[in-house]
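Worksheet: one structure, shown below.
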Amino acid sequence: MNEKQRLESQQVQAANSSDKKSEKDFSKYFESVYTPPSLKDAKKRGKEDVQYQDFAIPEEFKNMGKGRHFYIRTYGCQMNEHDTEVMAGIFIGLGYEPTDSVENANVILLNTCAIRENAENKVFGELGHLKHLKQKNPDVLIGVCGCMSQEESVVNKILKTYNQVDMIFGTHNIHRLPNILQEAYMSKEMVIEVWSKEGDIIENLPKVRRGDIKAWVNIMYGCDKFCTYCIVPYTRGKERSRRPEDIIQEVRHLAAQGYKEITLLGQNVNAYGKDFEDIKYGLGDLMDEIRKIDIPRIRFTTSHPRDFDDHLIEVLSKGGNLLEHIHLPVQSGSTEVLKIMARKYSREEYLELVRKIKAAIPNASFTTDIIVGYPNETDEQFEETLSLYREVGFEGAYTFIYSPREGTPAAKMQDNVPMEVKKERLQRLNALVNEFSAAAMKKYQDQVVEVLVEGESKNNPEVLAGYTRNSKLVNFKGPKSAIGKLVKVKITDAKTWSLNGEMIEELEAIEVN
Ligand code: 5AD
Ligand code: SF4
């Protein structure tokens with residue numbers, strides 16, 4: 001870490017929150033130890049200042065974990081899941097061993113999600129449970145990391161009321177885990193390390209991947225879209241892309257290790273490369289190179305319709321290992337609501353994009369994210385969401401009731417939609433989502449599909465489970481030797497959210513362009 005970063009860092013030794021401070025003293029004290037990511041500064045983001053660094057475990061910490069176990073509980077999106085893989089890699093590098101029981105753990109981390117209020121409530125509930133554990137075993141270290149740690153109100157609340165917590169660190173500070181642990185061992189006080197700066201790019205991070213069939217690869221971090229409801233641009237920092245050569249090397253390495261499916265990850269992957277000043281290079285260019293790597297399946301998530309350009313569509317239409325499932329969050333079918341959400345496209349522009357993608361990739365299937373009950377959303381505007389859903393013919397959706405997030409512009413909006421109405425809209429939308437999913441599944445009845453076999457089915461170990469190219473879950477009878485392979489399955493029964501079938505054959509070598 002260089003001096004500049006050190007200055008920008010918020011590394012503090014916070015006095016133990018059990019100190020009885022008055023409200024006023026507390027606010028003063030809090031301001032002195034924590035500067036939150038600022039909404040104003042975040043909006044003024046410049047292109048400069050992203051630093052690329054290589055990670056290495058400091059020599060002096062290499063035995064830190066000897067005889068100790070770590071446990072990480074992950075909440076939220078794939079980005080968080082992948083961050084957990086990185087933190088697990090760092091723990092292993094420090095000599096710790098993993099455990100899947102909190103009782104056995106010497107270090108417990110909660111990798112948190114801030115996207116909606118209920119995600120946060122779960123974490124506070126879990127911290128309540130962990131209090132008993134800490135009382136029984138005061139030596140256990142408890143840490144809170146991930147998106148919630150980047151929120152001022154959360155850090156404040158933890159400092160005030162959750163003194164069982166030993167460490168709080170942000171999404172930009174993961175590579176600092178060895179130092180944060182060391183501080184926590186050395187000190188009786190809560191260690192807080194949350195950087196308000198916009199984040200750098202750290203390469204060579206170790207990873208313990210969840211399996212050996214599918215892998216995530218970050219291509220970029222952060223988001224500059226500032227949709228008015230969303231906390232992500234504040235918790236994840238500004239958009240910054242990894243260099244193409246680093247990504248390609250990682251994917252090649254995964255291919256050589258025998259991985260069958262890669263998902264390229266970013267909050268807004270279509271903005272990939274926009275921050276490069278020396279080269280003109282976007283997601284289309286990256287996918288065009290990655291598709292030549294000998295790996296059978298490549299996915300990417302999450303897309304923003306605004307940045308989904310023609311070059312990417314052209315590259316995706318080449319097919320091969322580029323899968324034809326497009327997850328394209330629309331959020332609302334009403335142009336007025338989209339405007340208030342600051343999504344920067346209209347209903348018509350979204351439909352036009354879908355039309356273009358369908359023309360280039362006729363067998364493309366679409367899924368989406370939708371928020372209902374946005375402040376002041378009218379019945380008519382909600383009906384427009386339903387009609388857009390039908391018009392696109394989505395095959396699945398993640399649906400949410402709007403949840404105000406402190407610090408976002410929408411949280412300040414007056415809202416005249418009662419919760420009852422929001423819930424009713426969600427139910428109506430979900431009924432449509434189920435109907436369309438069932439209809440999409442029906443099309444596979446008696447068809448033969450390609451399935452990447454992931455393992456035994458969760459509900460029945462006699463049955464294998466895997467996914468089709470467009471992400472449909474398939475359960476089927478087949479030999480255990482098929483796990484990790486691509487097989488052909490004939491569909492015998494189509495349900496609302498999954499397919500049942502019989503394995504026909506193992507696929508021969510997959511042809512990659
Ligand atoms: N309330 C409800 N849903 C939200 N999402 C993001 N922020 C909020 C919020 N404040 C949803 C969006 C996004 C998905 C990941 O979560 O649909 O695409
Ligand atoms: Fe949030 Fe996605 Fe909008 Fe970025 S593009 S602000 S991550 S909803």
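This is a predicted model, so every value here is computed, not measured. In listed order, ligands and their atoms are each counted from 1. Both backbone and side-chain heavy atoms feed into the values below; hydrogens, waters and symmetry mates do not.
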Inset, instruction - For E383, look at atom CD and say whether over 12 heavy atoms of other residues, nucleotides or ligands are found less than 6.0 Å away. - result: yes

Legend entry - Whether D224 side chain and K238 backbone form a donor-acceptor pair below 3.5 Å: no

Inset, instruction - Specify side chain, backbone, both or neither for R236, according to which of its non-hydrogen atoms lie closer than 4.0 Å to ligand 2. - result: neither

Legend entry - Which of the ligand 2 atoms, numbered from 1, are nearer than 4.0 Å to a heavy atom of F226: 6 (S)

Inset, instruction - For C223, counting its heavy atoms only, list the atoms of ligand 2 lying under 4.0 Å from any of them. - result: 4 (Fe), 5 (S), 6 (S), 7 (S)

Legend entry - Heteroatom proximity flag, R405 to ligand 1, N/O under 3.5 Å: no

Legend entry - Lys NZ or Arg CZ of R428 over F382 ring: under 6.0 Å, within 45°: no

Inset, instruction - Given ring-ring contact (aromatic ring centres under 6.0 Å, His included), test Y162 with F124 step by step and report yes or no. - result: CA-CA 9 Å; Y162 294 90; F124 286 122; 5.4 Å; yes

Inset, instruction - Report the part of Y229 in contact with ligand 2, treating N, CA, C, O as backbone and CB onward as side chain, heavy atoms under 4.0 Å; options are side chain, backbone, both, neither. - result: side chain

Legend entry - Per-atom contacts, ligand 1 versus I401 - under 4.0 Å to a heavy atom: 2 (C)

Inset, instruction - Give the contacting part of C227 toward ligand 2: side chain, backbone, both or neither, where contact means a heavy-atom distance below 4.0 Å. - result: both

Legend entry - N, O or S of H304 under 2.8 Å from atom 4 (Fe) of ligand 2: no

Legend entry - Face-on cation placement of R116 at F400 ring, 6.0 Å and 45° thresholds: yes

Inset, instruction - Describe, in one word, how the ring planes of W216 and H82 are oriented to each other, choosing from parallel (under 30°), tilted (30 to 60°) and perpendicular (over 60°). - result: perpendicular

Legend entry - salt bridge (Lys or Arg N to Asp or Glu O under 4.0 Å) assessment of R297 paired with E450: CA-CA 11 Å; R297 289 181 169 192; E450 176 201 291; 3.0 Å; yes

Inset, instruction - Tell me which protein heavy atom sits closest to atom 2 (Fe) of ligand 2, plus the residue, atom name and distance to 0.1 Å. - result: Q267 O, 4.3 Å

Inset, instruction - Step by step, work out the salt bridge (Lys or Arg N to Asp or Glu O under 4.0 Å) result for E395 and K472. - result: CA-CA 10 Å; E395 298 192 358; K472 309 286 185 227; 2.6 Å; yes

Inset, instruction - Within a distance under 4.0 Å of any heavy atom of Q331, pick out the atoms of ligand 1 and give their elements. - result: 12 (C), 13 (C), 17 (O), 18 (O)

Inset, instruction - State the atoms of ligand 2, each with its element, that fall below the 4.0 Å cut-off from a heavy-atom position in V232. - result: 7 (S)

Inset, instruction - Decide whether an N or O pair under 3.5 Å exists between Y402 and ligand 1. - result: no

Legend entry - Identity and distance of the protein heavy atom lying nearest atom 7 (N) of ligand 1: Y229 CD1, 3.3 Å

Legend entry - atom 9 (C) of ligand 1 - nearest protein heavy atom and its distance: S403 O, 3.6 Å

Legend entry - Of the listed options I231, D369, I370, T228, closest to atom 15 (C) of ligand 1 (non-hydrogen atoms): D369

Inset, instruction - With heavy atoms of K225 as the reference, note each atom of ligand 2 found under 4.0 Å away. - result: 4 (Fe), 5 (S)

Legend entry - atom 6 (C) of ligand 1 - nearest protein heavy atom and its distance: I115 CG1, 3.4 Å

Inset, instruction - Please say whether the positively charged group of K214, taken as NZ for Lys or CZ for Arg, lies over the ring of Y467, i.e. under 6.0 angstrom from the six-membered ring centre and within 45 degrees of the axis. - result: yes

Inset, instruction - Specify the protein heavy atom at minimum distance from atom 1 (Fe) of ligand 2: its residue, its atom name, and the distance to 0.1 Å. - result: C230 SG, 2.3 Å

Inset, instruction - Please report which non-hydrogen protein atom sits nearest to atom 3 (N) of ligand 1, along with the residue it belongs to and the distance in Å to one decimal place. - result: R116 NH1, 3.3 Å

Inset, instruction - For ring-ring contact (aromatic ring centres under 6.0 Å, His included), just list the numbers for F436 and F394, CA-CA rounded to whole Å, side-chain angles, deciding distance to a tenth of an Å, and then say yes or no. - result: CA-CA 7 Å; F436 269 66; F394 287 113; 8.7 Å; no

Legend entry - Ligand-residue contact atoms, ligand 2 with P233, heavy atoms, under 4.0 Å: 6 (S)

Inset, instruction - If the plane angle is over 60° it's perpendicular, under 30° parallel, otherwise tilted; pick one for H325 and H327. - result: perpendicular

Inset, instruction - Identify the heavy atoms of A215 and Y259 that sit nearest to each other, and give their distance. - result: CB-CD2, 3.7 Å

